[in-house]
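Supplied in structure tokens, the structure appears directly below.
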Amino acid sequence: MESFAAASKLFLQKWRQRKDRRVCDFLNYFEEQWLRKLSSWYKVAALGFPSTNNGIEGANAVIKRNHTLRDRLLPVGQFIHKVVNILEN
């Protein structure tokens with residue numbers, strides 16, 4: 001779990017350096033919602049318990065169908081811009 005926190009911190013630092021308002025808005029949302037409020041969402045958080053990602057896969061299917069047109073392997077920068085556009089619309 002410590003490695004997830006360290007990786008999250010590095011991820012946020014890297015992308016905040018871009019100084020893009022939309023990217024920073026998304027990072028602020030992600031940090032507040034997923035790293036602070038709902039901090040046990042990642043797989044390792046529930047060690048010893050069965051895990052399922054059915055809900056995430058369902059949401060992923062909707063995003064792919066409605067927003068990405070099944071584009072594969074977007075570079076992270078393009079992916080973040082795509083996510084920001086999805087959240088704004």
Side-chain angles (χ1 to χ4, degrees):
M1 289 187 225
E2 291 175 20
S3 61
F4 180 80
S8 299
K9 183 178 178 180
L10 290 172
F11 172 82
L12 294 170
Q13 286 175 350
K14 175 185 176 180
W15 285 100
R16 282 196 172 119
Q17 290 176 3
R18 297 182 70 94
K19 308 249 187 270
D20 180 314
R21 179 191 58 81
R22 292 170 51 171
V23 171
C24 287
D25 287 347
F26 172 76
L27 293 174
N28 291 337
Y29 157 79
F30 180 78
E31 183 176 27
E32 180 62 28
Q33 188 68 31
W34 295 101
L35 299 179
R36 292 191 182 146
K37 288 183 182 175
L38 302 171
S39 61
S40 60
W41 61 272
Y42 61 98
K43 188 170 183 170
V44 179
L47 287 174
F49 293 93
S51 64
T52 177
N53 65 353
N54 292 344
I56 293 171
E57 288 298 330
N60 186 41
V62 170
I63 290 169
K64 282 183 176 181
R65 183 179 64 242
N66 297 338
H67 301 286
T68 68
L69 303 175
R70 302 226 175 251
D71 287 341
R72 295 231 179 241
L73 301 175
L74 291 174
V76 174
Q78 287 180 16
F79 171 76
I80 290 176
H81 287 290
K82 180 77 78 171
V83 169
V84 169
N85 287 332
I86 291 169
L87 293 173
E88 289 180 345
N89 297 319

Check your understanding: Linking I/L/V/M/F/W/Y whenever any side-chain heavy atoms sit under 4.5 Å apart, do L35 and V76 land together?
Key ->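 Same cluster.
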Practice item. Quick one: pull up NE2 in H81 and CD1 in I86 and give me the separation to the nearest 0.5 Å. Key: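 H81 NE2 to I86 CD1: 13.0 Å, rounded to 0.5 Å.
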Review point. Is any side-chain heavy atom of I80 closer than 4.5 Å to a side-chain heavy atom of R22?
Key: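 No, too far: nothing below the 4.5 Å cut-off.
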Less than 3.5 Å apart, which donor and acceptor atoms pair up between the side chains of residues 23-30 and the rest of the protein, not counting sequence neighbours?
unit_1: D25; atom_1: OD2; unit_2: R21; atom_2: NH1; d: 3.0
unit_1: N28; atom_1: OD1; unit_2: R16; atom_2: NH2; d: 2.9
unit_1: N28; atom_1: ND2; unit_2: C24; atom_2: O; d: 3.3
unit_1: Y29; atom_1: OH; unit_2: W34; atom_2: NE1; d: 3.1

**Study point:** Contacts of type side-chain hydrogen bond (donor to acceptor under 3.5 Å, both in side chains), residue E57, not counting sequence neighbours
**Key:**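 Here the qualifying residues are N53.
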**Study point:** Between CZ on residue R36 and CD on residue E31, distance to nearest 0.5 Å
**Key:**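 Reported to 0.5 Å precision, the distance equals 4.0 Å.
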